[in-house]
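All figures in this text were calculated on a predicted structure; none of them were measured in a lab. Hydrogens, waters and symmetry mates are skipped; everything else that's a heavy atom, side chains included, is used. Order of the sequence lines fixes the chain letters, A, B, ..., with proteins taken first and strands second; residue numbering starts at 1 for each chain.
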There are 2 protein chains.
Amino acid sequence: MSEIKTGAAAVGRRRPARERLLVAAARRFYADGVTATGIDTVIAEADVAKTSLYNNFSSKAELVRAYLDTRHEEWLATYRTRLEGTAGPREAVLAVFDTYADCAEAARETGFRGCGLLNVAAELPVGDAGRDVVRRHKETVEELIVGHLGQLLPERPGEASALGEHLSFLLEGAMARAGLEGDGSRLAHARTLAAALLDGATDKS
Amino acid sequence: MSEIKTGAAAVGRRRPARERLLVAAARRFYADGVTATGIDTVIAEADVAKTSLYNNFSSKAELVRAYLDTRHEEWLATYRTRLEGTAGPREAVLAVFDTYADCAEAARETGFRGCGLLNVAAELPVGDAGRDVVRRHKETVEELIVGHLGQLLPERPGEASALGEHLSFLLEGAMARAGLEGDGSRLAHARTLAAALLDGATDKS
DNA sequence: CGTTAAATGGACAGACCTGTACAGTTTAGC
DNA sequence: GCTAAACTGTACAGGTCTGTCCATTTAACG
């Protein structure tokens, strides 16, 4: 009878509580903020018993932590998809910008409100472990850009890291502004500015 | 015993409740976030009766709104001070970057955590009036930059607005990263990058 | 069928939240 | 000194918060 299980799972079987909780938490945490979202709201949206939450996560803080980790992994997955279609380091850098635009587009229907990771960090006090998760995420983004620039400017590593920081600031700032305005047009502008910077850097060589 | 009171008044008389509340709210809201900070915490830090809070503000939301307005005004005051010492539009643009660095420095002792306005916006749901206050604040910052660039590149208004957006992204992104890292070095980098962009733009003419 | 793991629903404790009420005290200006 | 305005301290109402507990039901699988 394992085929029933597999079949049901394939068609529309109820997903395990942990998964449902993470999906519900993602929606509520992103839309309303972590602190303003109560456990009861999350379990109601997940349609799950409170006991099931505390069987999967030892506390709300751990659920928040899982939310942060999940969003980081999702970002990486989106980025890898974007990267697949690229040819060369210049396009690979722009794929990072496109990944941000994808995030904005994904959040558009429910209400785009900027970077979910950064928004959580804004709620956490100095010293909270969650802030380090977000800091490392942003460092990863910058490192990915710098890595591609290393290929684009092989004989100028110093310029690659400086330009990488520049581009990551550009990207992060555009995301913040886009989040305030509720749409992704600022991110499109940033992509254009980034492309011009890339062309300028390669022209010089 | 009125001389004790008066003496204290002459030396450092107790400031009115509203003022004390705004100072206390600024500290707690910035350090711990708006939602995580209760009214009781604010009045305890302000050393003020709860009645005094509700005599000055009709609700916590109005206190938050006053906090946002105050921070915007403070930013403008810091900016004007920075602007005084400048000679020419190039330095005026960099004064905006210096203003951000001043904000980071001011928050350093208690724990720098990025832009106080943006952090509040990150807690507010889409449609909240507070988000518009922050959005307009950031637009003001960009417009100030664009205004200086209009003087720097008088015959190229289109370039001025594009470069202004670029610089404001750079600034905002650096602030976000600096907040995550807890110090202002990213802002110093952004200032350097901005100066290079300004030089590049004027060289072309 | 029987075992085991997962999930349920709801009650509960104890703390904290916002906002109100009220009676009394302090302060400033005339 | 008197009046009006500002402020105090505290108690309270009515919610909501996180986290625990427990008795029960459901589902998977040998």
Ring-plane angle category for H148(B) and Y79(B), please: parallel below 30°, perpendicular beyond 60°, tilted otherwise. tilted

May I ask you to say what T35(B) touches in the nucleic acid, namely base, sugar-phosphate or nothing, with a heavy-atom cut-off under 4.0 Å? nothing

Between R177(B) and E165(A), does any NZ, NE, NH1 or NH2 come within less than 4.0 Å of an OD or OE carboxylate oxygen? no

Consider the side chain of S52(A), meaning its heavy atoms from C-beta on, and name the nucleotide among dG10(C), dT18(D), dA7(C) that approaches it most closely. dA7(C)

Closest to the D40(A) side chain: dC17(D), dG9(D), dC22(D)? dC17(D)

Which nucleotide sits closest to the side chain of N56(B): dA11(D), dC7(D), dT8(D)? dC7(D)

Nearest-angstrom distance from the residue atom CG of L53(A) to P of dC21(D): 16 Å

Can you measure I39(B) atom CD1 to dT16(D) atom P for me and round it to whole angstrom units? 18 Å

How long is the line joining NZ of K60(B) and P of dG15(D), in whole Å? 19 Å

Length of the line joining D32(B):CG and dC16(C):P, which is rounded to integer Å: 15 Å

Counting only side-chain heavy atoms from C-beta out, which of dC7(D), dG19(C), dA21(C) sits nearest to N55(B)? dC7(D)

Should L170(B) and L197(B) count as side-chain neighbours, where that means a heavy-atom distance under 4.5 Å? yes

Proximal nucleotide (of dG10(C), dT20(D), dG19(C)) relative to the Y54(A) side chain: dT20(D)

Side chain of P16(B) only, please: which of dT20(D), dC7(D), dA7(C) is the nearest? dC7(D)

Measuring from the side chain of T51(B) (C-beta onward, heavy atoms only), which nucleotide among dC7(D), dC22(C), dG9(C) has the closest atom? dC22(C)

Charged N-O contact under 4.0 Å between R65(A) and D69(A): yes

Could you check whether E105(A) pairs with R108(A) (Lys NZ or Arg NE/NH1/NH2 to Asp/Glu carboxylate O, under 4.0 Å)? yes

Nearest-angstrom distance from the residue atom NZ of K50(B) to P of dA6(D): 21 Å

Enumerate the residues from residues 124-131 of chain A whose closest heavy atom to DNA chain C is under 4.0 Å, giving them by residue number; use none for an empty result. none

Is it true that E142(B) and K138(B) have a side-chain N and a carboxylate O under 4.0 angstrom from each other? no

